[in-house]
*Asks:* 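Before we start, here is the structure in question, set down as structure tokens.
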Amino acid sequence: QVQVVESGGGSVQAGGSLRLSCAASGLTFRRFGLGWFRQRPGQEREFVAGVNWDGGRTYVADSVKARFMISRQYGMNTAYLEINNLKPEDTAVYYCAAANYLEVKITANDYIHWGQGTQVTVSS
């Protein structure tokens, strides 16, 4: 059974930090990219960050590059999203997804397994 499970969300004050975790299991393909997306209230889901199958390549959206970092240990099916200097506009449901590609993908359509999301709420 395929599972993509996010954790680490919560309510924080502006300026704080969070570390989100994503664990993928049960996938039929052994090597796969992982990505983080978010959906802010009233907005469409947007790409935040992605990492390739071995953690050696990452890509973070320009809008959050200064504050977000994605990581993945070699050979592990867990990825992390570190968010620093949180702002109220970061309030969103953050989703992790697995892509049937080795390399980083930034388009939601390239991801075929999605988690249920974890809520991040930032208060000013």
Side-chain angles (χ1 to χ4, degrees):
Q1 181 182 358
V2 175
Q3 283 191 313
V4 178
V5 181
E6 306 96 336
S7 61
S11 297
V12 296
Q13 289 193 326
S17 299
L18 279 176
R19 189 190 197 206
L20 307 184
S21 299
C22 168
S25 61
L27 279 71
T28 56
F29 36 97
R30 293 192 302 116
R31 301 176 180 178
F32 50 88
L34 288 170
W36 285 97
F37 293 75
R38 69 181 180 184
Q39 188 162 17
R40 293 185 278 187
Q43 299 190 27
E44 294 186 352
R45 193 173 298 188
E46 61 178 336
F47 171 82
V48 173
V51 61
N52 74 329
W53 71 277
D54 67 357
R57 294 190 182 90
T58 63
Y59 184 82
V60 181
D62 287 343
S63 60
V64 296
K65 185 179 295 185
R67 302 184 293 115
F68 288 34
M69 186 176 72
I70 187 170
S71 62
R72 178 181 188 178
Q73 285 186 307
Y74 179 86
M76 302 298 289
N77 294 337
T78 301
Y80 303 94
L81 183 68
E82 293 188 32
I83 311 174
N84 298 305
N85 189 21
L86 277 153
K87 302 178 180 182
E89 53 262 41
D90 293 321
T91 294
V93 179
Y94 285 74
Y95 296 92
C96 181
N100 190 13
Y101 293 96
L102 299 182
E103 295 303 323
V104 180
K105 294 295 181 180
I106 65 172
T107 304
N109 287 343
D110 288 326
Y111 290 84
I112 61 173
H113 296 297
W114 291 80
Q116 293 298 308
T118 186
Q119 176 71 47
V120 172
T121 303
V122 185
S123 58
S124 58

*Asks:* With a 4.5 Å cut-off on side-chain heavy atoms, are L18 and L86 touching?
*Replies:* yes
*Asks:* Measure the spacing between CD1 of I83 and OG of S17 and express it to the nearest 0.5 Å.
*Replies:* 9.0 Å
*Asks:* Output every pair passing side-chain hydrogen bond (donor to acceptor under 3.5 Å, both in side chains) with a member in residues 88-113, not counting sequence neighbours, ordered by first then second residue.
*Replies:* R38-D90, R38-Y94, R57-E103, R67-D90
*Asks:* Do V4 and C22 come within less than 4.5 Å of each other through their side chains, counting heavy atoms only?
*Replies:* yes
*Asks:* Using a 6.0 Å cut-off, check whether atom CD of Q13 has over 12 heavy atoms from anything other than its own residue.
*Replies:* no
*Asks:* Could you go through L20 and Y80, starting from their C-alpha distance and side-chain angles, then the distance that decides it, and tell me whether this counts as side chain to side chain contact (heavy atoms under 4.5 Å, CB included)?
*Replies:* CA-CA 6 Å; L20 307 184; Y80 303 94; over 6 Å; no
*Asks:* What closest approach, in Å, do L81 and A49 show between heavy atoms, and which atom pair accounts for it?
*Replies:* CD1-CB, 4.0 Å
*Asks:* Looking at A79 and W36, what are the two nearest heavy atoms and their distance?
*Replies:* O-CZ2, 4.2 Å
*Asks:* Give a yes or no on this: more than 12 heavy atoms of other residues, nucleotides or ligands lie within 6.0 Å of atom CD of Q39.
*Replies:* yes
*Asks:* Can Y59 be reached from W53 by stepping across I, L, V, M, F, W or Y side chains whose heavy atoms are under 4.5 Å apart?
*Replies:* no
*Asks:* How many angstroms lie between CZ in R40 and CZ in R45, if you round to the nearest 0.5 Å?
*Replies:* 14.0 Å
*Asks:* Would you find a donor on one side and an acceptor on the other, under 3.5 Å apart, between the side chain of E6 and the backbone of C96?
*Replies:* yes
*Asks:* Let me check something: any side-chain donor-acceptor pairs from residues 117-124 under 3.5 Å, sequence neighbours excluded? List them with distances.
*Replies:*
from, atom 1, to, atom 2, distance (Å)
T118, OG1, G9, N, 3.1
Q119, NE2, A92, O, 3.4
Q119, NE2, T121, OG1, 3.3
S123, OG, V12, O, 3.4

*Asks:* Can you check side chain to side chain contact (heavy atoms under 4.5 Å, CB included) on L102 and N52, steps first, answer last?
*Replies:* CA-CA 6 Å; L102 299 182; N52 74 329; over 6 Å; no
*Asks:* In terms of hydrophobic clusters joined by side-chain contacts under 4.5 Å, are V5 and L34 together?
*Replies:* no
*Asks:* Identify every side-chain donor-acceptor pair in residues 23-33 under 3.5 Å, counting partners at least two apart or on other chains, and give the distances.
*Replies:*
none

*Asks:* Any side-chain heavy atom of N77 within less than 4.5 Å of one from R72?
*Replies:* yes
*Asks:* Rounded at 0.5 Å granularity, tell me how far CD in E82 sits from OG in S71.
*Replies:* 5.5 Å
*Asks:* What do you reckon, are the aromatic ring centroids of F37 and W114 less than 6.0 Å apart?
*Replies:* yes
